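First comes the structure, then the notes that go with it.
Predicted model only: the values in this text are computed from it and were never measured. A, B, ... follow the sequence lines: proteins, then strands. Residue 1 opens every chain.
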There are 2 protein chains.
Amino acid sequence: MTSKGIKPKIETQGMDISVDCVVFGFDNDQLKVLLIEQKQPIDTSIKTQKAVPGDLVMDNESLDEAAARILKELTSLKGIYLKQFFAFGDPNRVRGLKDQQWLRTFRVNPERRVLTVGYYSLVKLSEFKPKAANFAGNAYWVDVYNIPSLAFDHNEIVHKALLMLRHELMADHIGFELLPEKFTLSQLQKLYEIILDKKLDKRNFRKNILRTETLTPLKEKQQGVLHKPAQLFKRKLK
Amino acid sequence: MTSKGIKPKIETQGMDISVDCVVFGFDNDQLKVLLIEQKQPIDTSIKTQKAVPGDLVMDNESLDEAAARILKELTSLKGIYLKQFFAFGDPNRVRGLKDQQWLRTFRVNPERRVLTVGYYSLVKLSEFKPKAANFAGNAYWVDVYNIPSLAFDHNEIVHKALLMLRHELMADHIGFELLPEKFTLSQLQKLYEIILDKKLDKRNFRKNILRTETLTPLKEKQQGVLHKPAQLFKRKLK
DNA sequence: TTTTGAAAGTGTATTTTTCACACGAAGTAT
DNA sequence: ATACTTCGTGTGAAAAATACACTTTCAAAA
């Protein structure tokens, strides 16, 4: 096996690149992921599939731009927290029978290999305006700990997104991205507990989170609760 | 701007996917990165460029497989530490004039957009067998803190690889991947100091690294040094 | 054989961080 | 007034991080 010979130019057939967004939301009780449902085909005996929202990257678009576009089409929200976390490139990741059926309904080249770059995003459910994107039927939230069987390799993508979110939550304290602008420490703690899937001690949590200096205490208190109202905080800017 | 209408199927022109490998090596003194040099074109007035080794992902190949193949072509080594760290998707990342000149010498579709997935790998310089891969001219090592100007977006890729390597070194203690099979704690400490770019205390370093239980002490000692020979260690298996 | 040079190897005291743990205060509803 | 619910807080113990200096071991040279 010598390598002295001149290598011929190898032609690859070209691939599609897509971006898939694992959109996380928090409803004070569960960490949710936004799924879209395949539009019901004319042949109504075909069982529709579910997936994470995603789309092809357009020819002049960067990956970050594609992710932002997908998110905006779906949620009408701009300026949302978005982070690339992994590229999924198995050559057969869209080769399932039902995956192909679905792709044929909206892709010009459904048989083409597609590499997808995974992003996750954190949205405030309170600001969320549901909207069916034109690449999908309905969109809806499901508990991240009860994800149904998804199309393509999307179960793996969601799982990896959750692992990366956990890391980043610990390292960079980005939890407030999932909460309303003003929130209490108890809300924040519950968010951490659900994302990390473990109980935390209240006093230690407060000490730790305040030491990071990522929060600004407000003069306001919680309103309309039937118990002692808690102090509100917001994220510290810069 | 309504979205009620049916979206036409959008055709993207398809992209090439490449994998670029930032190969790190350690020579007891510097952390090095392996670069390849563009083969000198017939027009010898053209100044050749340097880059990180990389190649297109073949049609039936996963990303991990492509990275392993590139590395094997270049180093003849198998079973090397390899880790995906980021996807670089700027639509104009190969649009420089000299980048295009280079691509035309070995790509069938040099004008095609190419997304690259960055991997970094850790090799033991002691086992390294230099070998010009057929996608490049010579390969050589340069100090990671003195990288020359590279083709494409490869300076950015190397920089990001170094940041990721630092993180992983702290978190997972993978330093021994860069050292010979048997090594001393002083060698390991120096490696950490160079990667992290800061001085460490000898006693504290030893306490910490031994507490991680990633190393096995050997009964052997260093040979052929003109001072007290140090105890040798190897990575703990499992 | 003694001396010299060079890196190896080792312990302790201080500070900081982590962890475990319980109760009175403040508000609402009845 | 009482009951209910969540808020908000401190301390002691254990573990981890940090700062810091001297003796030992070997080979080479004198």
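Residue-to-nucleotide contacts include a donor-acceptor pair under 3.5 Å from the side chain of B/K202 to the base of C/dA8.
Between B/D29 and B/K190 there is a salt bridge, with a side-chain nitrogen of the basic residue lying less than 4.0 Å from a carboxylate oxygen of the acidic one. Between B/K83 and B/E168 there is a salt bridge, since at least one side-chain N of the basic residue sits less than 4.0 Å from a carboxylate O of the acidic one.
Heavy-atom nearest nucleotides on DNA chain D were determined for A/L226 and for A/D201, and the one closer to the 5' end corresponds to A/L226. With DNA chain C read from its 5' end, the first of the two nearest nucleotides for A/P229 and A/R211 is the one closest to A/R211. Each of A/K228 and A/R203 was matched to the nucleotide of DNA chain D holding its nearest heavy atom; the match closer to the 5' end belongs to A/K228. Ranked by how close their nearest DNA chain C nucleotide is to the 5' end, B/N204 and B/T184 are led by B/T184.
No more than 12 heavy atoms of other residues, nucleotides or ligands shown are found within 6.0 angstrom of CD on A/E181.
Geometrically, B/K160 engages B/F86 in a cation-pi contact defined by less than 6.0 Å to the ring centre and at most 45° from the axis.
Counting 5' to 3', DNA chain D first comes under 4.0 angstrom of a heavy atom of chain B and last does so at the ends given by D/dA17 to D/dA27.
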* Evaluate the salt bridge (Lys or Arg N to Asp or Glu O under 4.0 Å) criterion for residues A/D143 and A/K32: first the C-alpha distance (whole Å), next the side-chain angles of each, then the deciding distance (0.1 Å), finally the verdict. => CA-CA 4 Å; A/D143 179 5; A/K32 306 264 195 186; over 6 Å; no
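Between the side chains of A/T214 and A/T212, at least one donor N or O lies within less than 3.5 Å of an accepting N or O. Using modelled atom types, one finds a donor on one side chain and an acceptor on the other under 3.5 Å when comparing A/D20 with A/T116.
At the heavy-atom level, B/Q231 lies under 4.0 Å from the strands shown only through sugar-phosphate atoms.
Following rounding to the nearest Å, A/K207 (NZ) and C/dT16 (P) show an atom-to-atom distance of 15 Å. Between A/K221 atom NZ and C/dT28 atom C1' there is a gap of 15 Å when expressed in whole angstrom units. The distance from atom CZ of A/R206 to atom C1' of C/dT18 is 18 Å, rounded to the nearest whole Å. Nucleotide C/dA7 holds its P atom 17 Å from the CG atom of B/L232, rounded to whole Å. In this structure, the CD1 atom of A/I209 is 17 Å from the C1' atom of C/dC19, given to the nearest Å.
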